[in-house]
*Asks:* 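Can you keep this structure in mind? I'll have questions shortly.
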Amino acid sequence: MRQTIVFMIFLLMPLTIQAQEEREIIPVDWKEVKKVAEQDPQRIKDLVTRLSANQIDTTMTWQERILAFYGQSYLESNDDTGEGVMDLDKLMNEKKYEECLSAAKKVLNKNPLSLKALRHAAFSIGYMVKDSTHHYDVTIREGQVYYNRMNRIFNTIATTGDGSKEHPFYVTSVSDEYMFMRYYLDLWEISKQYATDSCDIIELKETSKYYSQKLIYFEITRVMERWKSMFE
């Protein structure tokens, strides 16, 4: 299964890894993000539109990308359990690629930055293009659009930290942790996972050429907020 997934990734577009390059780390200022979401949500919506455009907006700063992605979490429902999101894995596992693509598009209409929906949209198209027994009305170029947007978000997450205890990567959902590890850092095997008040800590069975440490830290302040609001 892993080999098939990796093949699909490279079929769509070579992965652009920037997570461990020398560049400024910009931690997420949750208080500021929440303040903008409450007082000027249109600003975040405009930034989301720019970040999710088919062609990359090279004028966007990293701070604007961070505000778009993390601010979006205050405007939409939980990315793990939102309407339609939980159906994606089931449809993909059942190889109902057309239905999976349709469901992913519906999720993206509400949240254009949903990593899970972007992944399922891109991979569904990849499998449909690869299927020579059907004539699906999709092209690999359409899949690249979704994949490029997904990679744009990965680069944004990578800017928030380096995976260390001092500089964890910031996430808004647990599924984003695994998406980021697998499809950005090529980390697939974990030994254990445990949490502190503000971080998920994942112990890796193996490292990769993109991440060389045995532990990877994710800052989960927003994840905990979302869980709390769900139960309330």
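All residue numbers refer to positions in the sequence shown, counting from 1.
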*Asks:* Does T156 use its side chain to pair, donor to acceptor, with the backbone of R152 at less than 3.5 Å?
*Replies:*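 Checking the backbone N and O of R152 against the side chain of T156, a donor-acceptor pair under 3.5 Å is found.
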*Asks:* Ignoring hydrogens and geometry, is there a side-chain-to-backbone donor-acceptor pair from S208 to L185 under 3.5 Å?
*Replies:*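 Between the backbone of L185 and the side chain of S208 there is a qualifying donor-acceptor contact (under 3.5 Å).
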*Asks:* Within the distance-only criterion (no hydrogens, no angle test), does the side chain of E219 pair as donor or acceptor with the backbone N or O of T221 below 3.5 angstrom?
*Replies:*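 Confirmed, E219 side chain pairs with T221 backbone.
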*Asks:* Could you check whether the rings of W30 and Y170 sit parallel, tilted or perpendicular, using 30° and 60° as the cut-offs?
*Replies:*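 W30 and Y170: tilted rings.
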*Asks:* Yes or no on ring pair (Phe, Tyr, Trp, His ring centres under 6.0 Å) for F123 and Y183, after CA distance, side-chain angles and deciding distance?
*Replies:* CA-CA 12 Å; F123 280 34; Y183 305 121; 5.7 Å; yes
*Asks:* Not counting sequence neighbours, list each pair that qualifies as a salt bridge (Lys or Arg N to Asp or Glu O under 4.0 Å) and has a residue in residues 47-68.
*Replies:*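 Output for this query lists R50-D57, R50-E64.
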*Asks:* Any carboxylate oxygen within less than 4.0 angstrom of a Lys/Arg side-chain nitrogen, looking at R222 and E225?
*Replies:*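 A salt bridge links R222 with E225.
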*Asks:* Do the charged groups of K116 and D89 touch, with an N to O distance under 4.0 Å?
*Replies:*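 Yes, charged N to carboxylate O under 4.0 Å.
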*Asks:* Are any of the side-chain heavy atoms of Q193 and I201 separated by less than 4.5 Å?
*Replies:*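 In short, these two side chains do not touch, never coming nearer than 4.5 Å.
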*Asks:* Can you list every salt bridge (Lys or Arg N to Asp or Glu O under 4.0 Å) pair that touches residues 25-43, not counting sequence neighbours?
*Replies:*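 Those involving residues 25-43 do not exist here.
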*Asks:* So, K214 side chain and K205 main chain: donor-acceptor pair closer than 3.5 Å or not?
*Replies:*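 Answer holds: yes.
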*Asks:* Apply the test side chain to side chain contact (heavy atoms under 4.5 Å, CB included) to residues L204 and L215: give CA-CA distance (whole Å), side-chain angles for both, the deciding distance (0.1 Å), then the verdict.
*Replies:* CA-CA 6 Å; L204 303 168; L215 295 177; over 6 Å; no
*Asks:* Holding to ring-ring contact (aromatic ring centres under 6.0 Å, His included), I want the full list of residues that pass it with Y97, two or more places apart in sequence or in another chain.
*Replies:*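 For Y97 the ring-ring contact (aromatic ring centres under 6.0 Å, His included) partners, ignoring immediate neighbours, are Y127.
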*Asks:* If the condition is ring-ring contact (aromatic ring centres under 6.0 Å, His included), which residues does Y146 pass it with, not counting sequence neighbours?
*Replies:*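 Listed in chain order: nothing, the list is empty.
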*Asks:* Any non-hydrogen side-chain atom of S175 less than 4.5 Å from a side-chain atom of L115?
*Replies:*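 They are not in contact (no side-chain heavy atoms under 4.5 Å apart), so the answer is no.
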*Asks:* Could you note down all residue pairs passing salt bridge (Lys or Arg N to Asp or Glu O under 4.0 Å) where residues 91-103 supplies at least one of them, sequence neighbours left out?
*Replies:*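 For residues 91-103, and leaving out neighbouring residues, the salt bridge (Lys or Arg N to Asp or Glu O under 4.0 Å) pairs sorted by first residue read K90-E94, E94-K96.
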*Asks:* Would you indicate whether the side-chain heavy atoms of D176 and F169 approach each other to under 4.5 Å?
*Replies:*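 Contact flag for F169/D176 side chains = no.
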*Asks:* Determine which pairs satisfy salt bridge (Lys or Arg N to Asp or Glu O under 4.0 Å) with at least one residue from residues 140-150, sequence neighbours left out, and list them in order.
*Replies:*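 For residues 140-150: K105-E142.
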*Asks:* Any side-chain heavy-atom pair from T207 and Q213 closer than 4.5 angstrom?
*Replies:*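 Result no, sub-4.5 Å side-chain heavy-atom pair not found.
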*Asks:* Check the hydrophobic clustering (I, L, V, M, F, W, Y; side-chain heavy atoms under 4.5 Å; chains of links allowed) and say if W62 and I25 are grouped together.
*Replies:*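 No; I25 is not reachable from W62 via cluster members.
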